[in-house]
Asks: 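First, the structure itself, so that you have it in front of you.
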Amino acid sequence: MEDLAREGLTGHYLGGGEITCCTLVKDDLFIAVKSHLMVYSTRNAALLHVQKLGSSEVTGLSPSPTNSQQLLVTSRDGILSVWDMTDWTLMRKLTVGSSVSDLLVSRSNQHLFLVTRNSESGNVVTTIQKHCAATLEHKSDSLIIKKPCDNFRISSCGNFILFTRDTRVRVVNTCTCATFTRFTHDTDLCSVALHPTRNLAAVADVNGRICLLNDWNVKGCVEATVQHWHANQVGGMGFAPRSEVLFSGGAESVLVKWLDGQPQFLPRIGGGIQHVLCPESGDIVVLVTEDTALHIVSLNTWSVKFKLCNILKRSRKTQGKTRVTTDIACSKSDVLFSSTPGYLQVYDVEKREHKRVVDITNQNQSTGHVRNKTLSYIDITHFKLSDDGEWLVTVERRDDGFVTPENRLKFWRKQDTEYTMKTCVDPPHSKITTSLSLGITTEPTAVTTSTDCSVKVWGCGDDEDSWTQRQVLKHRHGPAYSSLISGDGSVVVVGYKGLVVLYGTASWDVKAEVPQSVGRLDQIFLSGYYLLTSSRDLISVWNLTSLSLCWEVSANISYILALPDKTFLAFVSRKSVTDAFLFGVKSAAPLAVHKFVCPGVVEGACLTEREDGREMIVMLNSEHELYTLSHIVPPPLATSDREHQDTATIFTQLLKISAPPAALPELKHNSTATLASSVLNVSSNALPPVSAICANVLSDFLPPKVVHGN
């Protein structure tokens, strides 16, 4: 027997804050987001590795000058650490004692310099410490600058450090600790770039002007060559390693190539450009933009070769009156989820790499003239993926609280590896769309609910490539908040305010009504002849043959994942972690518990299969990390007797709990819950599929249904 355990990696971290620093190591891009490191290939934008580097924000990254397989890392809590990049183990750690803001490494003389900042009597004091790269030993006296300084860069020889202080460019001789002013400008400076092999520097001011400084490490002031195209502050600059070509970018979302003072433009990059990096290969430029995307630009074709969205997480909470989706869907090993406004991302959980993005709204791009204003993005509020992965349905909304909200329902069809939009309904409802479900009745069918008190059914014929409205359902209980299409397509379940209604899809008449103790339901499932409903803190299971409540459980539930064998996983948040409880539909006593499935709160989960056919559960948490529960070689299973053998399945054994606990502190049984008068006691392996149960067990009030394929 196999065991179900969390994936060996800490998690697939997909971003959770702003970029604190980034650097190139050969042909790989190292990006630090808070305390996490993400490594991307500049060849194909694939995510190669994710590593948590500590508990504090990372401020500096650089390969060691003494060993190319080691990575030097500095953090805001004053820690200098050395990591082995072959197996990502922590080799050494040194406490500097002050907050480290920059890490400068000299490859020629094998020294490293730590820039720290302290506050003394209300003034910021900048200190440059010199260390031996091999031993991390502190060398000589530190250089103290009693002024706030920024944009520290080190020369290729390691003998000079350049930094800016307001309008001045200052240079430090690392051998003598002597400082001098090299250039004085009339406006505050914001960005600096040094040529990797030549004594050439570029500094940019907040008004978009770029000043080129030749022989910048020679003492004495010098006149600068000024280049000006940017209308706003320059975000990033970089020199081509084999020429004097300079690349710059800013809030205009335009990459500018400077050759002999003449600009060449690559417009419509996306968001404002924050970082510009030039690898040693010299044939590409890597851009990181404000819209949380990574762009790889080919210099041969002067075009974007790869674009990778969602390297950072935006706030996924309610924006204005728009509730951002936390949906997650799986198709084989591909996981589809939303993060950056207007985009869906496809992630391969087996290969652990980003595959592609789907631009749903095609409108969320910020430009320079709006950079200082509040932007209201068009958000994806719901999406569903068909079981075969052929159809994708999305709901998007924009509501800034001032103008009329925008609502759209879009239907996408997969062609090769990309999704192409076939139908756009604008708007599908007069008010906000509260839920979306996708399935098959006599044809591919989608159901949308809304606060406008209508439930709309959309269909697509076998020989059609577009979707049209088929039915409009209304009920006296008004607004609808959730919906579900049964596996065999014979039933559509709609959650109204305080009521669940079952519709037969043959004539779209009401077949049953199930009253609820809560006004709004978050999730609805059909499990055999049982109806499962959940709200924020309550799980209820109903027997549809008698329309009676079987049981209820109160807990801090963040998400429920229905399994195909009359069981389901309830993810319960506990302080800063989440536990998974396996329930059968017949009893409120959990069949099994899996402690600490992931940190944070699980906001979405789905069940998929590996290429070898083994099942895997994929979870998306509140920190925008992906975790998987997968099959590995197990320890011996417990041999104690189990209760509820009729619903104890492979997942019960995989969660390796010897017997169901009698009482759990995290769960409170509702004293008003009543048990069903009788329960069929048959093996789950002998149960017919869900579709057959819906068609047969509910035959008293549901007509027979013939299921047609696509």
Side-chain angles (χ1 to χ4, degrees), residues 21 59-60 98-106 113-130 141-196 198-239 244 246-251 258 261 274-276:
C21 62
T59 58
S98 302
S99 176
V100 181
S101 61
D102 294 272
L103 170 64
L104 308 173
V105 176
S106 169
F113 300 86
L114 305 181
V115 181
T116 63
R117 287 187 174 93
N118 292 308
S119 295
E120 295 183 3
S121 302
N123 298 320
V124 177
V125 177
T126 304
T127 304
I128 302 177
Q129 300 181 10
K130 184 177 181 180
D141 295 332
S142 300
L143 174 64
I144 299 176
I145 307 171
K146 294 187 177 181
K147 294 284 184 179
C149 304
D150 297 294
N151 302 308
F152 285 84
R153 302 291 187 273
I154 192 168
S155 64
S156 56
C157 65
N159 294 329
F160 298 94
I161 294 176
L162 180 147
F163 61 92
T164 62
R165 193 171 71 193
D166 299 328
T167 62
R168 287 177 290 176
V169 176
R170 299 277 290 171
V171 179
V172 176
N173 188 317
T174 59
C175 299
T176 64
C177 291
T179 63
F180 58 88
T181 299
R182 183 59 176 148
F183 174 69
T184 302
H185 196 39
D186 58 0
T187 309
D188 287 346
L189 301 171
C190 61
S191 182
V192 172
L194 296 185
H195 198 285
R198 308 177 188 183
N199 292 334
L200 179 62
V203 293
D205 63 24
V206 294
N207 294 327
R209 290 179 294 175
I210 299 175
C211 304
L212 296 180
L213 307 177
N214 286 293
D215 299 326
W216 63 269
N217 54 3
V218 178
K219 189 174 183 179
C221 294
V222 66
E223 293 293 331
T225 303
V226 179
Q227 301 174 153
H228 192 191
W229 177 85
H230 296 280
N232 299 281
Q233 176 175 314
V234 176
M237 297 186 296
F239 281 100
E244 295 186 358
L246 175 68
F247 299 93
S248 63
W258 298 92
Q274 292 181 315
H275 301 273
V276 178

Asks: Any non-hydrogen side-chain atom of I145 less than 4.5 Å from a side-chain atom of R165?
Replies: yes
Asks: Between L103 and T59, is there a side-chain heavy-atom distance shorter than 4.5 Å?
Replies: no
Asks: Kindly compute the distance separating SG (C190) from CG (N232), expressed to the nearest 0.5 Å.
Replies: 10.5 Å
Asks: Can you tell me how far CD of E244 sits from CG of N214, rounded to the nearest 0.5 angstrom?
Replies: 7.0 Å
Asks: With rounding to the nearest 0.5 Å, note down the distance linking CG in L143 to CD1 in I161.
Replies: 8.0 Å
Asks: Any idea which heavy atoms bring M237 and S191 closest together, and the distance?
Replies: CE-O, 3.6 Å
Asks: So, the side chain of D205 versus the backbone of N207: is there a donor-acceptor pair under 3.5 Å, distance only?
Replies: yes
Asks: Shortest non-hydrogen contact from T174 to K130?
Replies: O-NZ, 3.8 Å
Asks: Restricting to non-hydrogen atoms, name the atom on L246 and the atom on G238 that form the minimum distance, rounded to 0.1 Å.
Replies: CD1-O, 3.5 Å
Asks: Do V203 and N151 have side chains that get closer than 4.5 Å, going by heavy atoms?
Replies: no
Asks: For L162 and A201, work out which heavy atoms get closest and say how close.
Replies: CD1-CB, 4.4 Å
Asks: Do you know the tightest heavy-atom contact between C211 and H185?
Replies: SG-CE1, 3.8 Å
Asks: Can you see which heavy atom on T167 is nearest to which on D186, and at what distance?
Replies: CG2-C, 4.4 Å
Asks: Mind checking whether F183 and W216 have side chains closer than 4.5 Å, heavy atoms only?
Replies: no
Asks: Would you confirm whether S106, through its side chain, and I154, through its main-chain N or O, come within 3.5 Å as a donor-acceptor pair?
Replies: no
Asks: So N173 and F160, do their side chains get closer than 4.5 Å, heavy atoms only?
Replies: yes
Asks: Does any non-hydrogen side-chain atom of S101 lie less than 4.5 Å from one of F152?
Replies: no
Asks: Within the structure provided, determine whether R182 and D215 are in side-chain contact (heavy-atom separation under 4.5 Å).
Replies: yes
Asks: Does some side-chain heavy atom of R170 sit less than 4.5 Å from a side-chain heavy atom of C149?
Replies: no
Asks: Nearest 0.5 angstrom please: T225 OG1 to I210 CD1, how far?
Replies: 12.0 Å
